[in-house]
Amino acid sequence: MNDIMRVAVIGCGLIAEKSHIPAILRSDDAHITALVDSKRSRAEELKARFELSCSVHESWEAVPGSVDAAVVAVPSFLLARVTGGLLQQGVHVLCEKPLALSSEEAGKLCDIAEQTGTTLAVGFVHRFQETTDLVKTVMEEKLIGEITGYDLEFGVQFDWPSVSSFYFDRTLSGGGVLMSEAVHWLDRLLYWFGDVQSVECADNNDGGIETEAQLSLTHLRAGTFLRGTARFSWLYDLRNSLEVFGTEGTCVVRKDNRSYVEIHKNVGGRNVRFDMKDATGHLRTPLEYFELQFQDFRDAVVTGRKPKVSGREGSKAVSLVGEAYRGAARISKPWEGVLS
Amino acid sequence: MIATRRILITGATGFIGTRVCERLHQAGVPVRALVHSGSRAARIVHLPIETVTGDLCDKTFLREALKECDAVVHLAKGGRSDIVLATRNLVAAAARRGVSRFIHMSTTAVYGLDPPDTLQSEREPLKKVGESYCDWKIDAENAVWAGIRRGLPGVILRPCIVYGPHSRWNINMVEKLAKGDYRLVNEGRGWCNTVYVDNLIDAIEASLHRPAAIGEAFFITDEKPITWREFAEAHAALLTPSPRVGTITREEVEAFYRAQGGLLRRSTRPFLSLLISPELRDTLKTVPLFEYVLKSIGQRITPSQKTAIKGLARRDADVPKRTVDVPDMVTTMIQSCQVRFSSEKAGRLLEYVPRVSFTEGMKRTERWLAWAGHLRDARSRACVGSVPAAHQEFVTCRAGNGGAA
């Protein structure tokens with residue numbers, strides 16, 4: 001590979017337009033040499049908008065040989081197929097979450113990457129938020145004492161634009177709120193609290209896709225079982241925070257605060273709150289996290305080290321979602337009453 | 001049992017529409033949900049039902065949407081173009097399609113927000129009262145009546161206060177009460193004319209298959225009428241601590257808005273206040289063009305003119321302050337209702353029997369309000385029966401020492 005990494009962007013949906021392409025363009029060490037979308041006109045549109053001098057293709061199969069790496073941002077059901085094909089031909093891949101729709105598929109991708117010596121990174125971009133490492137520090141430094149559990153509530157009324165309507169089509173997205181949205185949080189829960197020993201799930205899926213889900217998770221953390229609960233919703237505006245409970249206080253991560261965490265504890269008989277953040281950091285924009293993610297991927301390719309979220313690590317969240325779906329009960333709706 | 005091939009539901013992602021989709025799906029009836037925007041479809045995608053996205057004002061789209069449909073439940077609402085034009089288009093398309101039933105969701109507001117207490121039955125003629133919403137709903141209903149006269153098997157349902165899970169009536173009442181200083185009009189003596197959403201859907205289902213429904217309009221209500229005070233107090237009881245429910249007379253509300261003056265007058269002072277606020281000026285100055293304009297104005301304006309503008313912006317002697325939550329005029333009229341609408345006709349022709357009492361309806365609504373995060377207190381959290389038992393507590397224990405559960 002030359003000093004300048006030649007990158008293909010596979011899939012030209014909103015996430016590519018708003019995040020991946022601008023993030024790559026901010027890198028001095030990478031150059032977009034190909035855009036791929038099944039709708040050629042869409043790829044041409046982005047090529048013109050970003051004033052790129054790159055080739056445009058309708059299929060990913062046209063790019064190996066002319067690129068070093070690819071950012072794969074196709075609908076979820078295609079991620080594994082496209083990523084697997086690229087890895088097999090020696091192309092390093094930063095694959096959008098969730099990587100695959102099953103742990104088996106994800107495992108195969110990791111195997112291919114290892115066999116071909118290519119880098120496989122997963123686009124769990126929330127990992128690059130400052131709060132991710134801050135929570136880890138809070139726990140490791142015992143700033144709230146011993147961790148006793150957590151409760152996560154994340155819910156916003158769905159109103160997101162999408163170039164395609166894949167969010168609500170299980171065949172395209174692989175699921176609902178769990179697969180498309182919660183998976184970001186699940187990846188971080190696994191990072192913070194360790195592997196999950198068991199998961200109980202209840203969701204509102206009546207034969208379509210789930211727009212609400214509740215999980216009860218048991219992690220194994222340093223020889224100790226740790227229990228946490230999580231609720232995700234596309235229907236309601238929920239509390240939108242993670243509360244990590246400790247023997248000496250609570251650490252709170254709010255959805256809108258990507259750069260700091262709150263520590264609530266009793267000090268000298270008074271309930272006080274500290275905001276903990278990296279003193280040298282500045283308030284990053286959402287795009288800057290994609291920039292960090294891409295730089296991490298590029299550095300991993302260049303140095304041969306593992307990316308921040310490797311294929312193996314990223315596939316844990318996919319497995320967890322699969323496990324949750326397998327045993328999912330239906331959320332009871334006591335407000336519906338009994339219909340005769 | 002509803003014997004039909006496929007039902008087109010307009011307004012399928014709304015409060016009533018979502019529940020109609022759920023109920024018809026549970027009854028095994030094929031449903032095609034028409035949604036205006038794909039992103040709103042989140043409310044119904046948990047159901048394995050067909051959804052089509054488009055505009056009711058698009059006649060070609062409507063023709064396609066009605067293919068293979070045997071009945072229509074028209075619940076869509078919106079601005080005038082949605083309500084009236086969409087209804088006209090839909091009536092025409094449904095008539096061409098030859099549907100076996102066209103259910104139109106109208107409202108008691110076709111008799112005004114505060115209808116005359118002489119109102120006896122559904123047969124009273126509709127008369128515009130100058131309230132936009134009421135008049136638009138009359139135009140929409142008239143479009144259906146015109147279709148009925150040309151042979152459309154139409155049915156018109158006129159509920160009043162439809163409440164239940166997802167209803168803005170409930171959410172708004174809880175939110176206003178929680179803020180404190182909520183005031184009922186005329187001590188809340190007006191009739192609230194509630195209908196629980198599942199009761200209304202019973203009426204829709206009956207209208208879909210009862211031949212006697214065709215060409216008729218029906219008031220749809222709960223069994224027992226309640227007052228606005230009862231409605232408000234039922235919500236106040238859900239909050240801890242229970243908020244005080246005050247009152248205000250209709251005359252006081254009217255006097256308040258008379259003193260406030262017209263829209264222009266009411267807007268002048270806050271607009272000027274905003275204009276001279278340092279925060280806005282600082283923000284505007286970040287845009288070079290605005291900075292230039294502000295500087296130019298500052299140079300041209302005399303000190304006495306500056307003082308005059310500031311004085312005008314701050315003058316409040318002749319405008320009453322809104323020191324309490326004064327209901328708006330629409331709410332005031334609705335809460336002044338002296339009519340107890342009767343669903344006697346629906347009982348007779350549709351065999352409509354409201355199955356859910358107000359007490360039961362509020363119990364269900366409370367559970368939903370808690371679930372949806374509208375009641376954020378210990379009491380409401382405790383009533384969420386759907387949380388798996390394992391979610392209720394956090395446990396840590398040593399691995400191999402009895403397990404986590």
Are more than 12 heavy atoms, taken from residues, nucleotides or ligands other than [X], located less than 6.0 Å from that residue's [atom1] atom?
| X | atom1 | answer |
| --- | --- | --- |
| Glu223(B) | CD | no |
| Leu283(A) | CG | no |
| Lys363(B) | NZ | no |
| Lys18(A) | NZ | no |

Rounded to the nearest 0.5 Å, what separates atom [atom1] in [X] from atom [atom2] in [Y]?
| X | Y | atom1 | atom2 | value |
| --- | --- | --- | --- | --- |
| Ile44(B) | Asp206(A) | CD1 | CG | 12.5 Å |
| His46(B) | Asn205(A) | NE2 | CG | 9.0 Å |
| Trp335(A) | Arg367(B) | CH2 | CZ | 10.5 Å |
| Thr211(A) | Arg43(B) | OG1 | CZ | 10.0 Å |

Where does [X] contact chain B at under 4.5 Å (heavy atoms): side chain, backbone, both or neither?
| X | value |
| --- | --- |
| Glu146(A) | neither |
| Arg231(A) | side chain |
| Leu235(A) | side chain |

Of all the heavy-atom pairs spanning Pro48(B) and Gly207(A), show the shortest one and how long it is. CB-O, 3.3 Å
Nearest atoms (heavy-atom pairs only) where Trp371(B) meets Leu238(A): O-CD2, 4.5 Å
Whether Trp368(B) and Tyr236(A) hold their rings parallel, tilted or perpendicular, with breakpoints at 30° and 60°: perpendicular
With a 4.5 angstrom heavy-atom cut-off, could you sort out which part of Glu360(B) is near chain A: side chain, backbone, both or neither? neither
Side chain / backbone / both / neither for His166(B) at chain A, heavy atoms under 4.5 Å: side chain
Flag the pair Arg19(B) / Glu336(A) as yes when at least one side-chain heavy-atom distance between them is below 4.5 Å, and no otherwise. yes
Could you walk me through whether Phe158(A) and Val45(B) pass the side chain to side chain contact (heavy atoms under 4.5 Å, CB included) check? CA-CA 11 Å; Phe158(A) 189 99; Val45(B) 291; over 6 Å; no
